[in-house]
Amino acid sequence: MLSKRTLSTFGLSLTVLFSSLFLSGCSEKPFLTQDGSYVILSVSPSGNTRSELIELPWNTNMAIMQKLLLESSFVLSDLHTPSTLTSSGPALLGMTSLQANFPKPKRMTFVVDGHVLTLDVQSLQIEVEGASVGQVTINQTIILQGINDPNLQPAFDALTDMLHDENFKKGVA
């Protein structure tokens, strides 16, 4: 028989193993990249586009980024074909999206309008601010509407606040 301590140690080891696989991008969560690179894409009301690579310092609180990824995965959990698409909407109001680009296409499975859809994904973008929050663009061509998650905006704000604080510290130092 195994002692309680041995079982406890084994359980802890499995937890650490699965956690490290999840955090390294080896899990099946659709929004995690292998190298952890993400971009904030902003389009101003005038149509100017700005792209900002998210660079997290080594001492960053990764829980903030993981929270945003968790909320993004929730948005992706049930996708729908939008009833209408307005091409002038985002340009008139401005919008901000979180984007992941994959060096090699990543096979992902989504539920779209109640049907399972498997795609090789090269890029994935989720609107976090704007007229169509939760809008998902796959491979820059497929536009779907994800779940309207009220926790997405606060998670994104926490990340941008953290990035702003880090940039401010760099400027002061």
Side-chain angles (χ1 to χ4, degrees), residues 22-23 25 27-57 60-113 117-168:
F22 175 76
L23 293 174
S27 73
E28 289 302 311
K29 285 284 187 190
F31 203 57
L32 297 176
T33 66
Q34 186 71 25
D35 60 359
S37 64
Y38 302 91
V39 174
I40 297 173
L41 181 64
S42 302
V43 179
S44 72
S46 64
N48 293 329
T49 302
R50 185 172 62 111
S51 179
E52 177 186 354
L53 180 64
I54 297 175
E55 296 181 284
L56 301 174
T60 299
N61 179 355
M62 289 303 292
I64 293 172
M65 186 66 181
Q66 291 301 319
K67 173 72 173 158
L68 179 58
L69 295 176
L70 177 68
E71 298 304 332
S72 298
S73 293
F74 182 69
V75 169
L76 294 171
S77 65
D78 188 19
L79 300 171
H80 298 279
T81 306
S83 54
T84 59
L85 289 177
T86 57
S87 60
S88 61
L92 293 175
L93 299 174
M95 68 102 176
T96 303
S97 296
L98 182 63
Q99 181 174 319
N101 296 308
F102 303 100
K104 295 184 213 171
K106 183 174 182 179
R107 181 147 295 201
M108 295 183 191
T109 302
F110 302 96
V111 176
V112 180
D113 297 328
L117 177 66
T118 302
L119 299 169
D120 290 328
V121 177
Q122 191 77 39
S123 68
L124 187 61
Q125 184 176 321
I126 296 176
E127 186 171 329
V128 294
E129 295 176 334
S132 303
V133 173
Q135 181 172 291
V136 176
T137 305
I138 302 171
N139 294 337
Q140 299 179 349
T141 57
I142 302 169
I143 299 173
L144 300 166
Q145 184 61 47
I147 292 173
N148 187 359
D149 179 4
N151 297 321
L152 183 62
Q153 181 69 45
F156 179 73
D157 290 343
L159 176 71
T160 55
D161 289 348
M162 180 183 66
L163 292 173
H164 174 74
D165 289 346
E166 287 299 321
N167 288 336
F168 180 73

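In this chain, numbering begins with 1 at the start of the sequence shown.
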Check: Are any non-hydrogen side-chain atoms of Ile54 and Ile40 less than 4.5 angstrom apart?
Finding: yes

Margin query: What's the separation between atom OG1 in Thr96 and atom CD1 in Ile126, rounded to the nearest 0.5 Å?
Written below: 13.5 Å

Checklist line | Criterion side-chain contact (heavy atoms from CB on, under 4.5 Å) on Leu98 and Leu68, from CA distance to verdict | finding: CA-CA 10 Å; Leu98 182 63; Leu68 179 58; 3.6 Å; yes

Next item on the list: Verify the neighbour count for atom CD of Gln153: are there more than 12 heavy atoms of other residues, nucleotides or ligands below 6.0 Å?
Entry: yes

Item checked: Residues which pass side chain to side chain donor-acceptor pair (under 3.5 Å) with Thr81, listed by chain and number, not counting sequence neighbours -> Asp113

Check: In this structure, which one of Leu76, Thr137, Leu119 forms a side chain to side chain contact (heavy atoms under 4.5 Å, CB included) with Leu124?
Finding: Leu76

Notebook entry, point to check: Would you say the side chain of Val112 lies within less than 4.5 Å of the side chain of His80, judging by non-hydrogen atoms?
Noted result: no

Checklist line | Value rounded to 0.5 Å, distance of OG in Ser97 from OH in Tyr38 | finding: 15.5 Å

Next item on the list: Test Leu152 against Val75 for side-chain contact (heavy atoms from CB on, under 4.5 Å), laying out the working first.
Entry: CA-CA 8 Å; Leu152 183 62; Val75 169; 3.9 Å; yes

Check: Does Leu79 offer a backbone N or O that forms a donor-acceptor pair with the side chain of Gln145 under 3.5 Å?
Finding: no

Check: Hey, are the side chains of Ser77 and Ile147 touching, using non-hydrogen atoms and a 4.5 Å cut-off?
Finding: yes

Notebook entry, point to check: Shortest non-hydrogen contact from Pro105 to Gln122?
Noted result: CG-OE1, 3.2 Å

Note to self: For a 4.5 angstrom cut-off between non-hydrogen side-chain atoms, does Met108 reach Phe102?
What the structure shows: yes

Margin query: Distance check, rounded to the nearest 0.5 Å: Ser123 atom OG versus Gln140 atom CD?
Written below: 4.5 Å

Next item on the list: Measure the shortest side-chain to side-chain distance between Leu41 and Gln125 over non-hydrogen atoms and say whether it is less than 4.5 angstrom.
Entry: yes

Item checked: Distance-only side-chain donor-acceptor flag, Thr141 / Asn139, under 3.5 Å -> no

Notebook entry, point to check: Are Ser42 and Thr49 close enough, and set up right, to give a side-chain contact (heavy atoms from CB on, under 4.5 Å), and what steps lead you there?
Noted result: CA-CA 6 Å; Ser42 302; Thr49 302; over 6 Å; no

Next item on the list: Evaluate side-chain contact (heavy atoms from CB on, under 4.5 Å) for Phe110 paired with Leu144, printing each intermediate quantity in order.
Entry: CA-CA 11 Å; Phe110 302 96; Leu144 300 166; 6.0 Å; no

Item checked: Pairwise distance CD1(Ile64) to CD(Gln66) - rounded to 0.5 angstrom -> 11.5 Å

Next item on the list: Output all residues satisfying salt bridge (Lys or Arg N to Asp or Glu O under 4.0 Å) with Asp120, sequence neighbours left out; order by chain, then residue number.
Entry: Arg107

Check: With a 4.5 Å limit on heavy-atom distance, are the side chains of Glu129 and Phe156 in contact?
Finding: yes

